[in-house]
Amino acid sequence: MKKLVTTFKLFALAMVLSLTSCQNESTEVLQDNATKKESISDLKKELSPAQTLSNNVQIQLEESKKNLEQYLKNDLQMTGINVLGTLSTERGIAISQNLISSKDTYVAFGNITDPNSVKVGKIGSFNSGEELSAAQKGLTDVIAQEVKMNTDVLEITWNHKGEQFTSLCFYNKDGIIWDNVLGGLVMMDRGSNVETSTDTQAKVVSKWFKEWWTAKWLWGSKRGEAGYKITIYYNGSTVSNTDVSDWGNISLGKAKSESKVIKRTGAYGQCRYALGLCTPTGSLSFNSSNFSVSFSGLGSNIVSNGTKSLYP
């Protein structure tokens, strides 16, 4: 009798495992089917007719095309634009989120002024597991936060080294809101400036040095900036005090900035700085033990960690 009960328990356990496996497989099939059913055709059903492109959007598209041609030559070309319509339902917004974050959707990232940094391909080919989920969440968050009812949608056709693909571009009368290619790529600039106070009557003279990294949209307007400024106060060749400040900000992305004074008086002033900017599919973290910012995930980014000394 005991053997019969044990056998029955084993049979019941096998049935539970079998049912659980079937349920998991069914869930995966349902998810796959749901993904397959959502397409551009489904999105079009949730759109009302759109007005003609505003002058602002036309200029942004033309300037982006020029900058891509200047820096990437024929490697990445914008070959067609098709206005789809205006988002008129909440389901349309939900479909948009799924379409731009699907593992088969195309993304681009990198600094186009440095062609070797530019990557283009399906998001699933760059990431897997947690990194893929984080990148997808970054894209869906952009749509959730920035794309509302009555946002317009157009489809851009691209040619990347002979491979054709399309991207969804969301915009309004003021300009482009988001596109996985136009928003994923950036143009980076670096600048610096030094200035000494001109008050010759002052007992203590000040001098400052400022350095910054600027991210621009592909059409040329400023998207974000990270930088630091160190100031020394001195009399003759002796520094009596040192200050430092930092800043970091970016539109549709993430920024971090940290700084601290490590030598305040004496022959010179010195500071440490840790700066970072990235697009929404990536992440930035600050390590206080070694005073540095690091980047992880997928996306365009600039990270700069260092020390700056300033002499009278």
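Heads up: numbering here begins at 1 and tracks the sequence.
Here the shortest heavy-atom pairing between Pro280 and Leu252 reads CD-O, 3.0 Å. Nearest heavy atom pair, residue Trp178 against residue Gly184, reads CH2-N, 4.0 Å. The heavy-atom pair separating Ile123 from Ser102 by the smallest distance is CG2-O, 3.2 Å. Taking each heavy atom of Val186 and Ser300 in turn, the nearest pair found is CG2-CB, 3.8 Å. What you find for Ser257 and Gly248 is that their closest heavy atoms are OG-N, 3.5 Å. Of all the heavy atoms in Cys278 and Leu284, the pair that sits closest is SG-CG, 3.8 Å.
With 3.5 Å as the limit, one finds a donor-acceptor pair spanning the side chains of Thr89 and Glu46. With hydrogens and angles left out, the side-chain atoms of Thr157 and Thr166 include no donor and acceptor closer than 3.5 Å. Side-chain contact of Gln77 with Asn159: a donor-acceptor pair under 3.5 Å is absent, judged by distance alone. Counted by atom type alone, Thr79 and Trp158 present zero donor-acceptor pairs between their side chains at under 3.5 Å. Between the side chains of Ser292 and Asn290, at least one donor-acceptor pair of N or O atoms lies under 3.5 Å. Between the side chains of Trp247 and Ser245, no donor-acceptor pair is found at a separation under 3.5 Å. At a cut-off of 3.5 Å, with distance as the only test, a side-chain donor of Asp179 or Ser167 sits close to an acceptor on the other residue.
Rounding to the nearest 0.5 Å places OG of Ser251 at 4.5 Å from CH2 of Trp217. For the atom pair OG (Ser96) and CZ (Phe170), the distance works out to 4.0 Å, reported to the nearest 0.5 Å. Here the CG-CD1 distance, from Leu310 to Ile232, works out to 4.0 Å after rounding to the nearest 0.5 Å. Here CG of Leu87 is found 5.5 Å from CD1 of Ile93. Values are rounded to the nearest 0.5 Å. Put simply, OG1 on Thr279 and CD1 on Ile250 are 7.0 Å apart, with the number rounded to the nearest 0.5 Å. Rounded to the nearest 0.5 Å, atoms OG (Ser221) and CD1 (Ile176) are 9.5 Å apart.
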**OP:** Decide yes or no on side-chain contact (heavy atoms from CB on, under 4.5 Å) for Phe126 and Phe109, but give the supporting numbers first.
**Re:** CA-CA 11 Å; Phe126 294 116; Phe109 58 93; 4.0 Å; yes

**OP:** Test Val118 against Leu72 for side-chain contact (heavy atoms from CB on, under 4.5 Å), laying out the working first.
**Re:** CA-CA 9 Å; Val118 174; Leu72 302 184; 4.0 Å; yes

Subject >> Steps toward side chain to side chain donor-acceptor pair (under 3.5 Å) verdict (Asp152, Thr86) >> reply: CA-CA 4 Å; Asp152 296 315; Thr86 301; 2.4 Å; yes

Subject >> Stepwise salt bridge (charged side-chain N to carboxylate O under 4.0 Å, His left out) check, Arg190 with Glu211 >> reply: CA-CA 8 Å; Arg190 181 179 180 178; Glu211 189 172 24; 2.6 Å; yes

Subject >> side-chain contact (heavy atoms from CB on, under 4.5 Å) between Leu275 and Trp213, worked out >> reply: CA-CA 9 Å; Leu275 309 168; Trp213 287 259; 3.4 Å; yes

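Inter-residue side-chain proximity for Ser240 and Tyr234 is flagged as unmet; no heavy-atom pair is nearer than 4.5 Å. Here the side chains of Arg272 and Lys260 are in contact, with some heavy-atom distance below 4.5 Å. Two residues are said to be in side-chain contact when any heavy atoms from C-beta on lie closer than 4.5 Å; Met188 and Thr214 fail this criterion. Side-chain contact between Ile40 and Leu99 is present, with at least one heavy-atom pair separated by less than 4.5 Å. When side chains are defined from C-beta on, Asp104 does not count as touching Phe165, because their heavy atoms never get closer than 4.5 Å. Within the 4.5 Å cutoff, no side-chain heavy atoms of Gln270 are placed close to those of Thr242. Side-chain contact between Val83 and Thr52: absent, with no pair of heavy atoms (C-beta onward) separated by less than 4.5 Å. Between Val205 and Lys207 the shortest side-chain heavy-atom distance does not fall below 4.5 Å.
Between Phe291 and Tyr273, the ring center distance fails the sub-6.0 Å criterion.
A donor-acceptor contact shorter than 3.5 Å is absent between the side chain of Thr105 and the backbone of Ser101. Between the side chain of Arg223 and the backbone N or O of Gly183, at least one donor-acceptor pair lies under 3.5 Å. In this structure, the side chain of Glu195 does not engage the main chain of Trp208 through any donor-acceptor pair within 3.5 Å. Under the 3.5 Å distance criterion, the side-chain polar atoms of Asn305 are matched with a main-chain donor or acceptor of Val293.
Summarising the local packing, CD of Gln164 is surrounded by more than 12 heavy atoms from other residues, nucleotides or ligands at distances under 6.0 Å. Under a cut-off of 6.0 angstrom, the local environment of CD in Gln70 is crowded, with over 12 non-hydrogen atoms contributed by other residues, nucleotides or ligands. Within a 6.0 Å radius of NZ in Lys103, no more than 12 heavy atoms belonging to other residues, nucleotides or ligands are found. Enclosure of atom NZ in Lys263 by more than 12 non-hydrogen atoms of other residues, nucleotides or ligands within 6.0 angstrom is indicated. Environment of NZ in Lys173: sparse, with no more than 12 heavy atoms of neighbouring residues, nucleotides or ligands closer than 6.0 Å.
Residue pairs meeting the ring-ring contact (aromatic ring centres under 6.0 Å, His included) criterion with at least one member in residues 57-93, sequence neighbours excluded, do not occur. Pairs passing the ring-ring contact (aromatic ring centres under 6.0 Å, His included) check and including a residue from residues 292-312, sequence neighbours excluded, read Tyr268-Tyr311. Residue pairs meeting the salt bridge (Lys or Arg N to Asp or Glu O under 4.0 Å) criterion with at least one member in residues 228-257: none, sequence neighbours excluded.
Put simply, Val142 and Met149 are part of the same group of oily side chains (I, L, V, M, F, W, Y) that touch within less than 4.5 Å, one to the next.
Using a cutoff of 4.0 Å between basic side-chain nitrogens and carboxylate oxygens, Glu62 and Lys65 are not scored as salt-bridged.
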